[in-house]
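Chain identifiers are assigned alphabetically (A, B, ...) following the order of the sequence lines, protein sequences preceding nucleic acid strands; residue numbering begins at 1 within each chain.
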Protein chains: 4
Amino acid sequence: MPVPQPNLYPPFNIVRLSHVEFGVTDLAKSRAFYVDTLGLQVTDETADTIYLRAMEERGHHCIVLRKCDRPEARDLGFKVFDDGDLDKAAHFFKGKDLPVEWVERPYQGRTFRTRDPMGIPLEFYTKMDRLPPIHQKYALYRGVKPLRIDHFNCFSPDVDASVAFYNELGFRVTEYTQDEESGRLWAAWTHRKGGVHDIAFTNGRGPRLHHTAFWVPTPLNIIDLLDLMATTGWVSNIERGPGRHGISNAFFLYILDPDGHRIEIYCSDYQTVDPDLEPIKWDLKDPQRQTLWGAPAPKSWFEHGSLFAGTAVSDSQLKAQPIIAP
Amino acid sequence: MPVPQPNLYPPFNIVRLSHVEFGVTDLAKSRAFYVDTLGLQVTDETADTIYLRAMEERGHHCIVLRKCDRPEARDLGFKVFDDGDLDKAAHFFKGKDLPVEWVERPYQGRTFRTRDPMGIPLEFYTKMDRLPPIHQKYALYRGVKPLRIDHFNCFSPDVDASVAFYNELGFRVTEYTQDEESGRLWAAWTHRKGGVHDIAFTNGRGPRLHHTAFWVPTPLNIIDLLDLMATTGWVSNIERGPGRHGISNAFFLYILDPDGHRIEIYCSDYQTVDPDLEPIKWDLKDPQRQTLWGAPAPKSWFEHGSLFAGTAVSDSQLKAQPIIAP
Amino acid sequence: MPVPQPNLYPPFNIVRLSHVEFGVTDLAKSRAFYVDTLGLQVTDETADTIYLRAMEERGHHCIVLRKCDRPEARDLGFKVFDDGDLDKAAHFFKGKDLPVEWVERPYQGRTFRTRDPMGIPLEFYTKMDRLPPIHQKYALYRGVKPLRIDHFNCFSPDVDASVAFYNELGFRVTEYTQDEESGRLWAAWTHRKGGVHDIAFTNGRGPRLHHTAFWVPTPLNIIDLLDLMATTGWVSNIERGPGRHGISNAFFLYILDPDGHRIEIYCSDYQTVDPDLEPIKWDLKDPQRQTLWGAPAPKSWFEHGSLFAGTAVSDSQLKAQPIIAP
Amino acid sequence: MPVPQPNLYPPFNIVRLSHVEFGVTDLAKSRAFYVDTLGLQVTDETADTIYLRAMEERGHHCIVLRKCDRPEARDLGFKVFDDGDLDKAAHFFKGKDLPVEWVERPYQGRTFRTRDPMGIPLEFYTKMDRLPPIHQKYALYRGVKPLRIDHFNCFSPDVDASVAFYNELGFRVTEYTQDEESGRLWAAWTHRKGGVHDIAFTNGRGPRLHHTAFWVPTPLNIIDLLDLMATTGWVSNIERGPGRHGISNAFFLYILDPDGHRIEIYCSDYQTVDPDLEPIKWDLKDPQRQTLWGAPAPKSWFEHGSLFAGTAVSDSQLKAQPIIAP
Ligand SMILES: [Ca+2]
Ligand SMILES: [Fe+2]
Ligand SMILES: [Fe+2]
Ligand SMILES: [Fe+2]
Ligand SMILES: [Fe+2]
């Protein structure tokens with residue numbers, strides 16, 4: 001098995017993925033997508049920035065949209081358990097010769113930026129402003145009724161290396177895809193918060209952000225979103241789905257925002273809190289890996305991703321390919 | 001508009017589509033598909049025949065599976081309102097020089113066979129044995145929880161001609177697809193019972209049976225069926241879907257039985273009882289016609305169908321083609 | 001069996017129930033209920049009147065709200081098949097010495113008012129203005145996503161007599177409740193359009209309108225409405241449910257509008273187009289008759305109803321009572 | 001606020017609730033309830049014991065049914081993170097002068113029994129036999145499609161004291177009900193695994209087990225279970241629901257097993273992993289606390305519970321009462 005043993009005693013305690021900032025070229029159009037169509041709630045808004053949260057979140061933001069000249073993904077944000085963990089985290093990254101920069105982030109307490117060894121920009125914090133609950137303000141629910149941010153998925157040119165690094169941080173592998181010929185990882189799903197993943201890695205030119213996922217109550221909410229997008233001018237932003245993933249067993253839909261940032265709508269994976277949870281292995285050649293029901297993903301799904309700001313990309317070493325829709 | 005005015009005062013009163021017999025090559029395999037997987041209920045069973053009904057039906061059968069050497073579709077069955085209608089129907093078909101043969105059909109009262117002008121074999125009856133209701137015997141529900149047979153869809157080499165004939169029988173067009181260049185019908189949906197259709201016609205080599213549809217309660221039942229088929233050896237029998245049709249607005253899934261007879265699982269179309277219901281027109285080039293969410297149908301969907309027993313087929317005159325999945 | 005044989009050849013052809021007008025005391029409050037909460041669409045609006053349709057309806061209105069001094073229900077509207085049927089209907093009612101008055105109704109063609117033998121005000125028409133379809137304008141869906149008006153339910157002081165009259169009009173009984181001791185009908189459900197009912201009668205002081213029902217896609221829409229009403233000031237307008245009826249097998253919720261007009265939200269009954277459909281009999285003492293899951297209806301459900309404008313009421317003769325919630 | 005500050009650095013790491021054993025008087029009848037009706041999977045079965053797991057669980061058992069002379073609840077089982085935590089836990093309970101007994105439990109590794117200060121029997125372990133995943137074996141799904149055990153709820157004669165103790169163990173309060181007059185806790189929900197609760201406490205004669213809850217995918221599964229129970233002889237075992245809890249926002253149903261052990265079917269609460277999650281306070285007098293939609297709970301719900309084996313009970317000190325259904 002190419003998956004490392006889980007590190008059950010990591011150097012610091014990451015609670016969960018938290019947020020991401022997207023550079024977007026047309027703020028009004030992005031607002032129409034994220035607010036009017038998906039149904040995220042605006043928590044702050046200025047001439048060039050919109051802060052958003054999902055319906056059950058009490059932290060101030062899970063998505064930050066910032067006007068810029070070209071689309072890009074910025075820091076992937078993670079919440080750590082306490083201030084001690086934050087300092088230990090900074091120490092850890094410095095010890096790996098990775099850049100640690102303490103930054104000011106509106107609505108967040110002490111926050112530092114760094115990068116993983118592939119170059120993915122990350123930020124860590126302990127405290128974010130807390131807002132009153134709105135999960136029972138049913139009049140506010142719109143669109144797909146997004147409940148919370150669920151995970152990031154990144155293209156990595158070396159999935160084995162990415163998994164090794166995040167495993168050291170305490171991310172535990174729940175499922176993975178192996179290339180039988182080379183014995184290497186083609187993809188892996190790793191979690192901190194007790195679901196199938198907080199962050200996943202897929203073989204490909206990278207590092208790039210493949211998608212950011214939101215959790216919704218039931219598959220019917222996803223069908224509602226499809227009906228809404230199909231009849232309000234967003235039909236060409238529907239990329240893949242709906243379907244059931246073999247991996248994670250989740251019901252999914254992939255859509256593209258106006259700048260091509262890919263969003264997954266996701267529900268019904270499973271609980272993974274047991275430290276002795278055995279990772280599930282999939283063969284890259286298994287067509288039910290991608291979609292349990294057999295439909296292959298389109299070509300764009302393997303090729304398109306968001307560039308991270310200021311990050312060089314390289315091709316992946318592993319050339320193996322899963323089945324692509326003709 | 002190429003659609004004829006509805007004939008609101010037809011020569012006899014057809015209540016609804018009723019049943020169809022499939023010639024199947026392996027009765028045990030077909031039983032595994034229709035009974036164990038779809039969840040239809042067996043109402044009678046012999047060495048070479050299985051009679052099936054859906055959960056809210058009280059008529060004895062909606063599908064008859066009969067062992068034979070090669071797959072074929074047999075008579076499309078329709079229920080007429082009363083015995084007088086049955087005699088008027090026989091008279092009508094004779095008057096069109098179409099063959100009328102009174103036949104013995106187990107569990108049915110007086111029944112005659114005929115063919116429509118394209119050669120599609122039809123049978124008409126007034127009375128079928130009635131069985132006690134089982135729609136509240138929830139322990140019997142299985143698979144996709146099929147509630148009732150909903151419609152037939154046939155390839156026709158001349159959809160204009162097919163629609164003209166069924167229109168004369170009182171079938172009313174609810175939606176249709178027109179080829180803008182030739183002004184001809186490419187497809188049409190026609191009903192008697194107050195839903196979007198009892199029988200529809202699609203341009204193509206024919207006459208052949210394109211599919212037979214069952215009504216289910218909600219899209220979640222369709223998702224359940226996909227999960228079940230995908231994990232019990234039927235994954236390659238999933239042909240298209242799930243999705244929302246532009247036409248009919250219904251949620252759909254197309255699957256193939258072990259002999260390639262195509263079954264649609266279908267829910268949530270709309271009520272059409274008003275005699276002044278205006279047909280909805282779609283352009284053949286509109287990609288949302290097939291699937292509201294934009295995904296084109298696969299090639300097989302335009303090419304594959306069941307031959308009707310003893311019926312010659314011919315190519316369609318209209319060569320226009322909708323978008324096909326690459 | 002106390003249910004009369006169905007009259008399969010009625011004197012004129014009623015297509016379906018169509019609409020009802022409610023006298024309401026606060027138009028703005030009623031608008032908040034029917035438009036903002038239920039999600040009906042406004043098709044016309046003046047200082048004292050609001051016309052509403054549901055999402056799949058193309059007729060101009062299913063509910064008319066009219067400002068008045070005290071709450072009342074007005075004519076129950078029915079659509080007949082053609083103009084000949086309309087004249088035959090007028091002739092029929094006159095022949096029964098029932099009042100026939102040709103009236104002007106905005107957005108309707110020739111329309112006459114009459115009363116049934118109990119005094120329920122009725123109106124019949126053939127043509128109502130038709131509006132463009134909106135069932136695929138998903139951005140308009142709100143609240144419970146009401147698709148169409150489904151049925152009326154009326155208190156009758158003599159259900160046997162009510163059923164006998166509507167049976168003569170061609171309404172066919174699908175299910176009924178009998179008082180075993182007296183052998184009399186306690187309630188009955190009768191249809192024209194092919195569902196479980198267009199109009200039902202319940203034993204009680206009357207005639208009064210018990211409720212008006214709307215069809216919705218799935219039980220989850222009903223749960224959404226409950227969540228919305230519970231958190232937007234309407235919690236005390238939730239009267240009964242959600243639950244599954246034994247009778248009709250439908251999933252239901254009963255709510256009260258600001259004037260106490262009772263609305264049912266309803267889904268998943270069954271198709272009844274067969275002329276030989278056998279009515280299903282229920283015993284008044286069967287607790288699963290009301291709610292398959294066993295929960296009795298509250299007292300208000302047996303007592304409260306809307307008065308019809310200008311109609312005297314009398315107590316019912318049949319004193320038998322089903323189980324009432326303590 | 002009567003809720004203690006969360007203990008974010010507890011003496012040992014409890015991962016989640018794990019399992020419970022029920023003493024049942026008729027094993028066949030209990031099997032019919034838990035296996036044939038709820039849909040739990042048998043993992044081992046002897047003449048007097050049945051081990052059960054839910055569909056996404058890989059641990060050997062979440063419910064153990066053991067034949068005995070009278071119904072009773074036995075140890076509430078919890079999984080701790082590692083062997084060191086198990087020893088620290090034993091040490092902790094000993095330090096509180098609570099009984100610690102190392103016991104043999106089939107399919108579990110080292111396990112000790114103890115009691116909380118109220119007398120609730122508890123057991124702790126690190127390792128339980130792991131079984132292959134079955135969450136994608138969709139042919140095995142039955143009944144309510146139970147995915148995992150979710151929580152225990154116990155009557156406590158002193159909720160303040162219960163909460164204080166479990167808070168010390170690291171259970172974090174997510175929501176609570178306060179009696180405004182006395183300032184005391186009437187109920188509280190506390191978690192370890194990141195949902196609204198692993199264990200909750202309700203004011204009442206105790207300690208007794210109020211209910212054990214299972215997580216299911218959607219409200220429609222709960223409706224399916226109601227339909228199934230209502231038509232297979234279990235209608236009188238339906239106690240309360242379906243409904244939406246104000247507290248936890250979950251969709252719920254309460255049913256009773258053949259011995260009166262109460263089972264909750266539960267879905268759609270929210271994620272609580274943030275260490276700074278603010279508990280939500282409810283007023284005991286708020287009728288939407290119990291059911292967001294306003295329906296009060298029945299009397300039995302406040303009175304009936306399972307006795308714990310060998311445990312004396314006492315009346316609660318706090319006499320305040322929420323609204324009870326008349
Ligand atoms: Ca720790
Ligand atoms: Fe994902
Ligand atoms: Fe179809
Ligand atoms: Fe009703
Ligand atoms: Fe609970």
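Of all non-hydrogen atoms in B:W293 and A:I223, the two that sit nearest each other are CZ2-CG2, 3.9 Å.
Of the atoms belonging to B:D227, heavy atoms from both backbone and side chain fall under 4.5 Å from chain A. Heavy-atom distances place both the backbone and the side chain of A:L292 under 4.5 Å from chain B. Heavy atoms closer than 4.5 Å to chain A are found in the side chain of B:I238, but not in its backbone.
With chain B as partner, the option from A:T291, A:N249, A:V235 having the largest number of non-hydrogen pairs under 4.5 angstrom is A:V235. Highest contact tally toward chain A, considering only B:P287, B:G243, B:P242, is held by B:P242 [criterion: heavy-atom pairs under 4.5 Å].
Applying the 6.0 Å contact sphere to NZ of A:K285 captures more than 12 heavy atoms from other residues, nucleotides or ligands.
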